[in-house]
Number of protein chains: 2
Amino acid sequence: MRMSELSRITETPVPTVKYYLREGLLPPGRRTSPNQAQYDDEHVRRIRLIRALLGPGGLDVATAREVIAAIDSDLPLPHVFGVAQRAASVRVDDRAVDAAALERVDALLDGFAIHPENPGRIAAAAVLEAFDAVDQRNADDWSRRYVEAALIVAEADLDTVERRVTRDEKAETVVVGTALGDALFAAFRRAAQEHVSTTRYEPERADEIRRARSTP
Amino acid sequence: MRMSELSRITETPVPTVKYYLREGLLPPGRRTSPNQAQYDDEHVRRIRLIRALLGPGGLDVATAREVIAAIDSDLPLPHVFGVAQRAASVRVDDRAVDAAALERVDALLDGFAIHPENPGRIAAAAVLEAFDAVDQRNADDWSRRYVEAALIVAEADLDTVERRVTRDEKAETVVVGTALGDALFAAFRRAAQEHVSTTRYEPERADEIRRARSTP
DNA sequence: CACTATAGACAGTACAACTATCGATAGTTA
DNA sequence: TAACTATCGATAGTTGTACTGTCTATAGTG
């Protein structure tokens, strides 16, 4: 197919497709002449990946380029996982996090087999520090339950990757799952908050609200 | 205190403090003359809140202004919760989500007492749609476990708010918890992923890695 | 009385993600 | 085969966001 069709199928404007090509997110098409090229299903797929990473995934173009390069490389899966993790994490300056916050995180993650450089460990310390700066209260009880939930999600993530067959499928799932998983969990969290809040404080209205959704 | 001290305590440049004032994020100081004003601890607290929302919370200035206005208002807590939820959610165009994806989400959230407009419900549908566009596979098993984890987190969130005493404390905790909770969970998820991955695939290395962190 | 610090208005910066224009050429259609 | 549309690749422009800098008149300070 030519660029206009690629653009139509993926609902992405032609100038934007060109932009992705320029930025190295999308591999060039197969040249048929000095100013013509053919694209195929792989390009369609890749554009969908790019849009998922830049949109719901919240990655910037430079970071998306890195994780795409990791998928395309033949590096082992654990390496792809590391790249995806660092990409999806808000970049936190290691030195900007104080030791006390890191110790608290380590206490919460007692028994976890993680390296000191794990992006989550650093980021969690930064978030707890910010939380304390506003809400002068110990957030450890709250955090402990987050860790419990995070373990459930992490097991689900690994299981999902295992279900894929080839190395490339697994690599793509790792990247998409890591980036979109955050957004998916955040969405379900919102829903669960309303649900828990309603059943806890207005149980008499819960049934009525349930009905409103099941019969639109 | 004067602006320079406010700036020093909060580690925020003076021009940035002025910017927050202009943008209505920070209430003006108590005027002592046409071009002098006094600030107090409430301003310090407020700047910390702003920085937490704009930094780890990932809100933009306009959205931060809305949630701060909600805290300052005397609107009831459920309303503040709603504002915070919409603020922390990636804005999704309702019509951009197709009905099939919404039905899948509703199946996953069967029995939940939530309104059809719940931001999480819409956002989850959008994310699942993006995931399917890339990874042509049913993500429902994966999602179900996310929902299970989201319930744990939502209960923790509500409990944390309940522990606060006054309406204003509760309102602030709702806002901070909603915005920073996403980042906190994402961080713990990264840590849990490495932990689960190591114990599952390289159990013999797990102990060694654990030791590396406990004895820095 | 120097000297520094405001407040507030306004302009400028830096970066990211597109979006538009252009000239030379290629494919397509009447 | 002429007219029309599409493409490539280079370059420039746009939009939006979160600051950052400059300026003037005035105020606090040693």
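What's counted below: heavy atoms across the whole structure, side chains too, no hydrogens, waters or symmetry copies. We name chains A, B, ... by the order of the sequence lines, and we start the count at 1 in each one.
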Within-4.5 Å side-chain heavy-atom neighbours: A:R145 and B:E155: yes
Counting any heavy atom closer than 4.0 Å, what does A:A37 reach on the DNA or RNA strands: base, sugar-phosphate only, or nothing? sugar-phosphate
Exercise: do A:D159 and B:W142 side chains pair donor with acceptor under 3.5 Å: no
Shortest side-chain distance from A:V61, nucleotide among D:dG21, C:dA7, C:dA17: C:dA17
Test item: B:I9 and B:M1 side chains (from C-beta on) under 4.5 Å apart, heavy atoms: yes
Could you give the CE-to-C1' distance, from B:M3 to C:dA5, as a whole number of Å? 10 Å
If you compare every side-chain N and O of A:S33 against the phosphate oxygens of C:dT25 (OP1, OP2), does one of them come in below 4.0 Å? no
Earlier contact from the 5' end, DNA chain D, for B:R51 and B:Q36: B:R51
Could you tell me whether the phosphate oxygens of D:dA27, OP1 or OP2, come under 4.0 Å of any side-chain nitrogen or oxygen in B:T32? no
Do A:N118 and A:H115 get their side chains close enough for a donor-acceptor pair, meaning under 3.5 Å? no
From C-beta outward on A:R31, which listed nucleotide comes closest to its side chain: C:dA17, D:dG9, C:dT6? D:dG9
Output the rounded distance in Å from CD (A:E5) to P (C:dG27). 16 Å
Looking only at side-chain N and O atoms, does B:Y20 come under 4.0 Å of OP1 or OP2 in D:dC19? yes
Please give me the minimum heavy-atom distance between A:L108 and A:S143, naming the atom from each residue. CD1-CB, 3.6 Å
If only side-chain N and O atoms of A:Y39 are considered, is one of them under 4.0 Å from the OP1 or OP2 phosphate oxygen of D:dC8? yes
Using five pairs at either end of the helix from C:dC1-D:dG30 to C:dA30-D:dT1, determine the angle between the two local helix axes and round it to 10 degrees. 0°
Any donor-acceptor pair under 3.5 Å linking the side chain of B:D135 with the backbone of B:R137? no
At less than 4.0 Å, is any side-chain N or O atom of A:R65 found next to OP1 or OP2 of C:dA17? Yes or no. no
Rounding to a whole Å, what distance do you find between B:E23:CD and D:dT17:C1'? 10 Å
Comparing nearest nucleotides in DNA chain C, the 5'-proximal residue of the pair B:V14, A:T16 is B:V14
Can you check the A:L21 CG to C:dC18 C1' distance for me, whole Å? 14 Å
Quick one: A:M1 CE to C:dG27 P, roughly how many Å, whole number? 18 Å
Take atom CZ of B:R8 and atom P of C:dT6, then tell me their distance rounded to the nearest Å. 11 Å
From OH of B:Y19 across to C1' of C:dT6 the rounded distance in Å is 21 Å
Is any side-chain heavy atom of B:R51 less than 4.5 Å from a side-chain heavy atom of B:I47? yes
Which nucleotide sits closest to the side chain of A:N35: C:dG27, C:dA24, C:dT19? C:dA24
Residues B:E194 and A:I114: closest non-hydrogen pair is OE2-CA, 3.4 Å
Would you tell me if any nitrogen or oxygen in the side chain of B:R2 comes within less than 4.0 Å of OP1 or OP2 on C:dT6? yes
C:dT21 P sits how many Å from A:K18 NZ, rounded? 12 Å
Record whether the side chain of B:R22 comes under 3.5 Å of the base of D:dT20 through a donor-acceptor pair of N or O atoms. yes
